[in-house]
2 protein chains.
Amino acid sequence: MKTQRLSAIRDVVASSPVASQDELRRKLRRRGIHVTQATLSRDIHELRLSKGPGGYVLPNGNGIHASAEDDGPPSFEEMLESFGLRVRQAMNQVVVSTVLGGAQPVAAALDRVGWPEVVGTIAGDDTVLVICADQRKAGDVEDRIRTLLES
Amino acid sequence: MKTQRLSAIRDVVASSPVASQDELRRKLRRRGIHVTQATLSRDIHELRLSKGPGGYVLPNGNGIHASAEDDGPPSFEEMLESFGLRVRQAMNQVVVSTVLGGAQPVAAALDRVGWPEVVGTIAGDDTVLVICADQRKAGDVEDRIRTLLES
DNA sequence: ATTTGCGTTGCATACTTATTCACCATTATT
DNA sequence: AATAATGGTGAATAAGTATGCAACGCAAAT
């Protein structure tokens, strides 16, 4: 529940200006997430967001995973956790939006997991385009990624 | 007087962590600058400092930026005007060709305008791939971009 | 000299954010 | 099973920040 909320917070903050924790609370409520300002204060601290003239802002470059241990290449799930913002489907494609600079590592991780539905990926700076064989498979992939995003 | 104070603020913030405006006030007082928290609030806004988990932070990472005005990001229209060459549609995608090196800024500007038909964009050096939800919407987007291009 | 306009500031206060405390649920530990 | 430790939460409130307002100083215009 909490991780899902944290993910939603990053999403909201990345996609629209958020001037206060109370505004964030209202925006989350529209997504069915209902918490108090106190909790958001704690979440924001945990996500290491900072507040400037334009509202809340994601940490620079956004290295959320500062883990000391390195168990080989990071998993797709970890990558999504760190960089993923949202996912949308279009026809036989799936578009994953990420934090700026996050697209390449996310795409690389997705390539590594080797889902059979995925024909290939292309990554820009903050967008990964995932090509699937057909629309149905793209839907499956979108669902799976969304589940990971919200976990 | 004021500019001197702003300079001192940048200096203090750059050289030691500052957790609150009142702490900043005390540190400035040691330098012979005596102002109230209210004024510091205004100064901080003007300097565009932001406050994160570690206290106040300069805008540019190093912040020799002072209080220069920024016109905000250029519009999509301006970007197209500057870099756009031609636009073509393919299925649910729209391909915008640009001058070499123009794809990234054009894509960034297109992302910022936030057209709902656009699921995502990916940019190379001179080509922007715009993903739309379906073929029809791609047609709409192509028309709109073409209109801008030809205006 | 007086007026006018603008910029800066402090005070008081409204607004926003962080923290303390109590409570509850879940997960070890004995 | 009972107890303790851990972690998440809301309510209340403390701590911190922004702002309306009035006052002041200065410089240009009258």
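Quick note on labels: first sequence line is chain A, next is B, and so on, each numbered from 1.
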Between B/Lys51 and B/Asp43, which is nearer to the 5' end of DNA chain C once each is assigned its nearest nucleotide? B/Asp43
Check the distance between D/dG16's C1' and B/Arg26's CZ and give it to me in whole angstrom. 12 Å
Counting neighbours of CZ on B/Arg31 that are heavy atoms of other residues, nucleotides or ligands and sit closer than 6.0 Å, is the number greater than 12? yes
Looking at B/Glu78, is its backbone amide N or carbonyl O close enough to the side chain of B/Ser82 to form a donor-acceptor pair, meaning the two atoms are under 3.5 Å apart? yes
Heavy-atom donor-acceptor pair, B/Lys51 side chain to B/Ala19 backbone, under 3.5 Å: yes
Quick one: is C/dT17 close enough that its OP1 or OP2 comes under 4.0 Å of any side-chain N or O from A/Tyr56? yes
Keeping the roles fixed (side chain from B/Arg146, backbone from B/Val87), state whether a donor-acceptor pair exists under 3.5 Å. yes
Hey, is the side chain of B/Gln21 poking within less than 4.0 Å of OP1 or OP2 on D/dA15, counting only N and O atoms? no
DNA chain C contacts among residues 29-41 of chain B, heavy-atom distance under 4.0 Å: B/His34, B/Val35, B/Thr36, B/Ala38, B/Thr39
Tell me the interatomic distance from A/Asp22, atom CG, to C/dA18, atom P, rounded to whole angstroms. 13 Å
Spacing between B/Leu49 atom CG and D/dT17 atom C1', to the nearest angstrom: 13 Å
Who are the side chain to side chain donor-acceptor pair (under 3.5 Å) partners of B/Asp126, not counting sequence neighbours? none
Roughly how many Å is it from CD in A/Glu23 to C1' in D/dA18, rounded to a whole number? 16 Å
Salt bridge or not between B/Asp140 and B/Lys137? Use side-chain N to carboxylate O under 4.0 Å. no
Restricting both atoms to N or O, compile the protein contacts to nucleotides 22-26 of chain D shorter than 3.5 Å, with distance only.
none

Could you tell me whether a side-chain N or O of A/Asn92 sits under 3.5 Å from a main-chain N or O of A/Ala133, the two making a donor and an acceptor? no
Looking at CD of A/Gln89 and CD of A/Gln135, how far apart are the two atoms once the value is rounded to the nearest 0.5 Å? 5.5 Å
Take the protein atom CZ of B/Arg48 and the nucleotide atom P of D/dA18, then report the distance between them rounded to whole Å. 13 Å
Separation of D/dG16 C1' from B/Ile44 CD1 (nearest whole Å): 11 Å
Please test A/Thr36 against A/Thr39 for side chain to side chain contact (heavy atoms under 4.5 Å, CB included), starting from the C-alpha separation and ending with a verdict. CA-CA 6 Å; A/Thr36 61; A/Thr39 297; 3.7 Å; yes
A/Arg5 CZ - D/dT9 C1' separation (whole Å): 9 Å
Give A/Arg25 one of three labels, base, sugar-phosphate or nothing, depending on what nucleic acid heavy atoms sit under 4.0 Å from its own. nothing
Assess whether one donor atom and one acceptor atom, taken from the side chain of A/Arg42 and the base of D/dG10, lie less than 3.5 Å apart. yes
